[in-house]
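Reviewing the structure listed below.
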Amino acid sequence: MNKLNVNFLGINFDNPILTSSGCFGFGLEYKDYFNPNELGGIVLKGLTLEPRTGNIGTRIAETPSGILNCVGLENPGIDVLEKEIIPNLKKQGINTKIIVNINGSTVEQYVEIAKRVNEIKEIDMVELNISCPNVKDGGMAFGANPEVAGKTTREVRKVLNKPLIVKLSPNVTNIVEIAKIVEENGADAISMINTLLGMRIDINKGTPILGNTFGGLSGPAVRPVAVRMVYQVAQNVNIPIVGMGGINSWEDAVEFIMAGATMVSIGTGIFPNPLLPLEVKEGLNNYCIKNNLKNLQDIKGIAFKK
Amino acid sequence: MFLEDCVVLENNKISDSYYLLKLKGEKSISSAKPGQFYMLQCKNESTLLRRPISLHYINKEKQIIEFYYEVKGKGTNEFKNIKPGENINLQGPLGTGFNTDIENKNIVIIGGGMGMAPMKFLTEALSPKNNVTFICGGRNKESMNILDNFNLENIKTIITTDDGSLGIKGNVTIPLLETLKNKNIYKIYTCGPQIMMKHIMNIAKKNNILCEVSLEERMGCGVGACVGCSILTKEGMKKVCKDGPVFDSKIIIND
Ligand SMILES: Cc1cc2nc3c(=O)[nH]c(=O)nc-3n(C[C@H](O)[C@H](O)[C@H](O)COP(=O)(O)OP(=O)(O)OC[C@H]3O[C@@H](n4cnc5c(N)ncnc54)[C@H](O)[C@@H]3O)c2cc1C
Ligand SMILES: Cc1cc2nc3c(=O)[nH]c(=O)nc-3n(C[C@H](O)[C@H](O)[C@H](O)COP(=O)(O)O)c2cc1C
Ligand code: FES
């Protein structure tokens with residue numbers, strides 16, 4: 001029996017492992033290393049209505065056990081997603097769940113892109129990104145302001161006919177407050193965390209390393225912050241959580257589930273180790289067997305239930 | 001594209017901070033082309049990302065794969081200390097390499113500094129069927145030690161050094177312009193410092209010569225998944241790791 005199988009928002013997932021937006025391209029980039037259908041689902045790179053070229057200059061900088069990125073939502077736009085990317089995914093035999101990460105600079109743009117996504121039947125769910133730290137004209141501003149976060153969620157919920165996950169920013173004073181507000185306004189699930197705002201300076205030049213000065217920190221360096229936030233939010237909302245931030249092993253995934261996450265998502269960890277999702281899957285399965293669990297979900301949230 | 005643990009055969013200092021790493025490889029070798037690169041894994045867990053390093057040379061029969069690298073920061077310092085017998089994990093071959101599908105042409109290959117790395121495989125791939133002039137630029141005589149590892153039969157090789165300790169004193173554009181005067185050159189292939197490639201692209205453009213350049217950019221994934229290495233070209237955004245690292249100079253914005 002499949003011990004990893006999970007019902008998430010009414011949809012049956014083979015396992016709780018997703019790959020995070022921005023770290024797994026459009027689903028096929030890692031197909032030489034493993035079959036993407038082994039994943040519970042794929043979250044595609046953040047999309048906007050129109051194509052975006054992203055930020056200029058250096059976009060990646062390594063930090064201790066982490067990376068800073070300021071990609072700035074470079075993406076080909078929703079038209080290319082609909083006409084090329086999705087048909088190609090299907091042609092290549094991808095039948096795992098597809099989650100689209102949507103972005104906008106105004107509430108109207110979020111609503112518009114949500115309507116477009118409705119038309120694409122191959123998309124299983126939507127992740128509303130109100131937490132990108134790398135775009136000046138929107139992104140994090142939506143996720144840091146409770147009122148705007150609530151409004152964006154509400155307006156998108158009104159038009160969207162697919163399950164809605166809202167992705168939260170860790171760059172806030174009170175994450176529980178924002179989580180509750182998006183729940184009240186119709187989010188079906190919460191995903192967290194997006195990257196933490198940071199920067200590095202080139203000490204030879206005396207200038208910021210990243211083209212956009214600031215970037216988002218991800219990787220193992222952020223994991224303790226992410227686990228803490230999932231733990232706090234899980235106790236205060238009634239909707240499921242997709243936990244992410246620095247997952248680098250199956251043990252890390254177990255931490256997130258014990259903190260209250262239903263699903264786990266792998267981002268930066270796949271860069272050094274393209275086989276990480278498979279290793280996590282195998283590790284989680286062995287963990288269930290060793291601990292006599294009928295299903296991995298039996299340990300969900302035990303860190304605060306005990 | 002493969003992931004493979006490769007045994008280190010040799011890891012020798014060539015000059016001040018330049019090393020030649022020889023590995024035993026199997027899968028990683030089969031399809032590799034000049035100009036492609038590999039992502040080499042660091043063992044220290046806090047050094048999260050793999051390091052992109054160009055393919056220096058492949059010996060398919062002996063299953064040997066070679067890298068020529070400069071010790072710069074954390075990752076390459078770690079590589080320097082790897083001993084024969086130990087393993088290193090390779091991901092690759094990655095990217096699109098040089099186009100070597102040409103015959104009976106006059107060709108100039110220019111490597112500057114670390115840009116000498118991809119040129120061993122490239123000169124050997126092009127020289128049997130073409131007339132190759134190889135221009136090498138470096139700081140000093142020592143920086144040319146790597147040439148001992150090349151097979152330069154039938155290749156006209158010209159050396160330039162900044163300090164004049166070997167070959168022509170000055171940069172690679174001096175012998176390049178000279179060569180263009182004497183021969184009808186069909187194509188230039190180059191890899192090296194940005195400023196050098198900028199001049200070469202200008203010269204190629206002025207003389208209406210095809211030109212392929214190998215670029216560098218910071219990389220996250222190396223496979224086109226993170227768009228960390230994207231650059232703006234005349235044909236829109238291109239990923240250095242996947243659409244490159246070798247590009248037709250025509251599409252590079254060079255100002
Ligand atoms: C396609 C490609 C091929 C390359 N081929 C070679 C080669 O054959 N030999 C060689 O010596 N070097 C090569 N480089 C450059 C090499 O990748 C860097 O020198 C190396 O990553 C530095 O790592 P570090 O840990 O020593 O330095 P650190 O400064 O500690 O590195 C920090 C981060 O910055 C990145 N980085 C630093 N410098 C560069 C750079 N110049 N280009 C890209 N990323 C960089 C590192 O990968 C790492 O993620 C190549 C780069 C690219 C993009
Ligand atoms: C290069 C890169 C690009 C990213 N792009 C997006 C994006 O487009 N949309 C989004 O919601 N999150 C994006 N993220 C954030 C990740 O999805 C994830 O929330 C974060 O990196 C933390 O997880 P990790 O530590 O496992 O990477 C990006 C992260 C990285 C490293
Ligand atoms: S390094 Fe990730 S897309 Fe090129």
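Residue numbering restarts at 1 for every chain, and letters A, B, ... go by the order of the sequence lines. Keep in mind the model is a prediction, meaning the values are calculated, not measured.
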- [ ] Measure distances from B:Met219 to the heavy atoms of chain A and classify the residue's part below 4.5 Å as side chain, backbone, both or neither.
- [x]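 For B:Met219, the contact with chain A is made by the backbone alone.
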Open item on the list: Would you compute the distance between atom CG of B:Leu232 and atom CD1 of A:Ile56 and round it to the nearest 0.5 angstrom?
Closed with: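 Spacing of CG (B:Leu232) from CD1 (A:Ile56) equals 8.5 Å.
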TODO: List the atom of A:Phe271, the atom of B:Cys226, and the distance in Å for their closest heavy-atom pair.
DONE: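 Looks like CZ-CB, 3.5 Å.
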TODO: Could you pull out the closest heavy-atom pair between A:Cys23 and B:Ala225, with the gap in Å?
DONE: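 Shortest heavy-atom contact: O-CB, 3.9 Å.
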Pairs of donor and acceptor atoms, chain A with chain B, under 3.5 Å:
| residue | atom | partner | partner atom | Å |
| --- | --- | --- | --- | --- |
| A:Gly25 | N | B:Ala225 | O | 3.0 |
| A:Tyr33 | OH | B:Gln91 | NE2 | 3.2 |
| A:Arg59 | NH1 | B:Val227 | O | 2.7 |
| A:Glu62 | OE1 | B:Arg51 | NH1 | 3.3 |
| A:Glu62 | OE1 | B:Arg51 | NH2 | 2.8 |
| A:Glu62 | OE2 | B:Leu48 | N | 3.0 |
| A:Glu62 | OE2 | B:Leu49 | N | 2.8 |
| A:Glu62 | OE2 | B:Arg51 | NH1 | 2.9 |
| A:Ser65 | N | B:Ser46 | O | 2.9 |
| A:Glu74 | OE1 | B:Ser230 | OG | 2.8 |
| A:Glu74 | OE2 | B:Ser230 | OG | 3.1 |
| A:Pro272 | O | B:Gln41 | NE2 | 3.4 |
| A:Pro272 | O | B:Arg50 | NE | 2.7 |
| A:Pro272 | O | B:Arg50 | NH2 | 3.0 |

Open item on the list: So for A:Pro76, is it side chain, backbone, both, or neither that comes closer than 4.5 Å to the heavy atoms of chain B?
Closed with: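 It is neither, since no heavy atom gets under 4.5 Å.
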Open item on the list: With chain A as the partner, which of B:Cys229, B:Cys42, B:Gly228 has the greatest number of non-hydrogen pairs under 4.5 Å?
Closed with: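 Most heavy-atom pairs under 4.5 Å with chain A: B:Gly228.
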Open item on the list: Check this for me: B:Ile253, atom CD1, are more than 12 non-hydrogen atoms of other residues, nucleotides or ligands nearer than 6.0 Å?
Closed with: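 Result for CD1/B:Ile253: enclosed.
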Task: 4.5 Å side-chain heavy-atom contact, A:Pro274 and B:Leu3 - done: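 The answer is yes; the side chains approach within 4.5 Å.
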